[in-house]
Amino acid sequence: MFAVGKVKMVASEFIAGDGISMNCNGLSVGGGVMKIKSVRNSGGEMGGFVLWQKRPDLWSLELVVSGCKISAGSDGKVAWRQTPWHQSHASRGPPRPLRRSLQGLDPKATAILFANSICTGEKTINGEDCFVLKLEAEPSSLKQRSSNNVEIIKHTIWGHFSQRTGLLHHLKDSNLIRIKAHGNGNVFWETTMETLIQDYRTVDGINIAHSGATTVLLFRFGDHENHSRTKMEEVWTIEELDFNIKGLSMDCFLPPSDLIKGADHEASDVAIGDSRSDQLATKSRGIYPKIGVSKVVDFNPQTFGEH
């Protein structure tokens, strides 16, 4: 699969404190209130992305927003990321499909992901009646993705599928991470991502979503830390999408040569390497391995915009 899209992003940060404050859509800390610390370009930052995928664990993504490029990829053995402010390094645990692909771009992988889910009921979202499927990561997979300094406490995914069409209408996932701070304290990051998936169109007989909106809430709390909440909103559209692109070889998904593999690098950030757009050119529908919630690509607190 090959996809080209546009994105518009806006981010704001809230901190716990006194003085002139607001409820922040009902969000509070310890029964108190939060106030706006900063709004980063309220008009939004414009950008675009290119995604190449041969199968769910073999993909490459490049995202450019306001001249800042973030890359990510998976060669089937290791998933990696790179930002301008961090060197390339690998994510812990087995390679996982890209969340952006699960946002209506790869319905088959989405169906496989939720194959072992449980139905928790029904819910109406944005006027669409949906049934709700839920996945919980197993403790063994969370341990595999954790390190000495970083512990993934929980990771849950909810898929809201339209009762009318059977297609994924809304995707939500939440995880809680504990990071060891200096001394005996801990810092916690709780991340919640919600995506409304829209504008399904048929491409080569497959229903593909061509637009959507994602909201990310990142809550930081813990000993000796000011409580803060960051909110990012992204509106995205797909401009071009195709399958069976000839010439897409395994070399197109090789990790960067400076890739760092180490347990403690997860605490700082994830990263990605060299651009390979000039090498990428095709796809042949690959074999879809069984995917579980533990294999969905990690969300990292400091690079939430890249997915």
Side-chain angles (χ1 to χ4, degrees), residues 1-10 44-76 79-84 96-110 167-168 171 193 195-216 232-256 271-286 288 296-297 299 303-307:
M1 177 179 67
F2 162 74
V4 177
K6 284 185 176 180
V7 296
K8 180 180 180 181
M9 297 181 178
V10 60
E45 302 286 352
M46 303 300 297
F49 66 88
V50 178
L51 170 64
W52 303 85
Q53 179 176 300
K54 199 171 182 68
R55 59 177 190 255
D57 64 347
L58 197 61
W59 51 266
S60 176
L61 172 73
E62 289 189 358
L63 169 69
V64 178
V65 178
S66 294
C68 177
K69 186 177 81 169
I70 297 173
S71 306
S74 172
D75 65 353
W80 46 271
R81 309 178 203 175
Q82 182 185 54
T83 68
R96 302 176 278 282
L98 184 67
R99 189 186 193 278
R100 192 172 293 274
S101 296
L102 299 174
Q103 296 173 180
L105 299 184
D106 194 341
K108 188 173 183 179
T110 302
L167 299 172
L168 182 63
L171 179 65
M193 300 180 70
T195 300
L196 182 65
I197 302 167
Q198 300 174 310
D199 193 17
Y200 276 94
R201 305 178 199 171
T202 302
V203 179
D204 291 350
I206 303 174
N207 288 310
I208 301 294
H210 280 68
S211 68
T214 299
T215 300
V216 179
M232 194 204 79
E233 298 172 280
E234 176 197 79
V235 178
W236 54 270
T237 57
I238 299 298
E239 294 192 318
E240 184 180 354
L241 188 141
D242 203 358
F243 297 99
N244 296 324
I245 312 298
K246 295 181 179 179
L248 193 61
S249 68
M250 294 294 292
D251 292 341
C252 302
F253 303 98
L254 293 176
I272 286 187
D274 318 354
S275 164
R276 289 176 173 76
S277 297
D278 54 339
Q279 300 177 354
L280 302 177
T282 113
K283 143 141 187 167
S284 136
R285 285 190 184 91
Y288 287 76
V296 176
V297 69
F299 172 87
T303 57
F304 58 83
E306 73 186 76
H307 295 147

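Remember, it's a predicted structure, so these values are computed and weren't measured experimentally.
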Between Glu240 and Phe2, is the side-chain contact (heavy atoms from CB on, under 4.5 Å) condition met? List the steps.
CA-CA 8 Å; Glu240 184 180 354; Phe2 162 74; 3.7 Å; yes

State whether Arg201 and Asp199 are salt-bridged, where the test is any N-O pair (Lys NZ or Arg NE/NH1/NH2 against Asp/Glu carboxylate O) under 4.0 Å.
yes

I'd like to know if Lys8 and Glu45 make a salt bridge, using a cut-off of under 4.0 Å between side-chain N and carboxylate O.
no

Does any non-hydrogen side-chain atom of [Y] lie less than 4.5 Å from one of [X]?
X      : Y      : value
Met9   : Glu233 : no
Gln103 : Trp236 : yes
Lys6   : Met46  : no

How long is the straight-line distance from NZ of Lys54 back to SG of Cys252, given to the nearest 0.5 Å?
8.5 Å

One should read off an interatomic distance between Glu234 CD and Thr195 OG1, to the nearest 0.5 angstrom, of 7.5 Å

Worked check of side-chain contact (heavy atoms from CB on, under 4.5 Å) between Gln53 and Asp106:
CA-CA 10 Å; Gln53 179 176 300; Asp106 194 341; 2.6 Å; yes

Restricting to non-hydrogen atoms, name the atom on [X] and the atom on [Y] that form the minimum distance, rounded to 0.1 Å.
X      : Y      : result
Val7   : Leu63  : CG2-CD1, 3.9 Å
Phe253 : Trp52  : CE2-O, 3.7 Å
Ala209 : Ile238 : O-CG1, 3.7 Å
Thr110 : Leu168 : CG2-CD2, 3.9 Å
Ala3   : Leu241 : CB-CD1, 3.9 Å
Val10  : Gly44  : CB-CA, 4.1 Å

Whether Ser74 side chain and Asp57 backbone form a donor-acceptor pair below 3.5 Å:
yes

Between Trp59 and Asp75, does the side-chain contact (heavy atoms from CB on, under 4.5 Å) criterion hold? Intermediate values first, please.
CA-CA 7 Å; Trp59 51 266; Asp75 65 353; over 6 Å; no

Check the pair Arg99, Met193 against side-chain contact (heavy atoms from CB on, under 4.5 Å), reporting the backbone distance first and the verdict last.
CA-CA 10 Å; Arg99 189 186 193 278; Met193 300 180 70; 3.6 Å; yes

Less than 3.5 Å apart, any donor N or O on the side chain of Thr214 or Arg100 sitting next to an acceptor on the other?
no

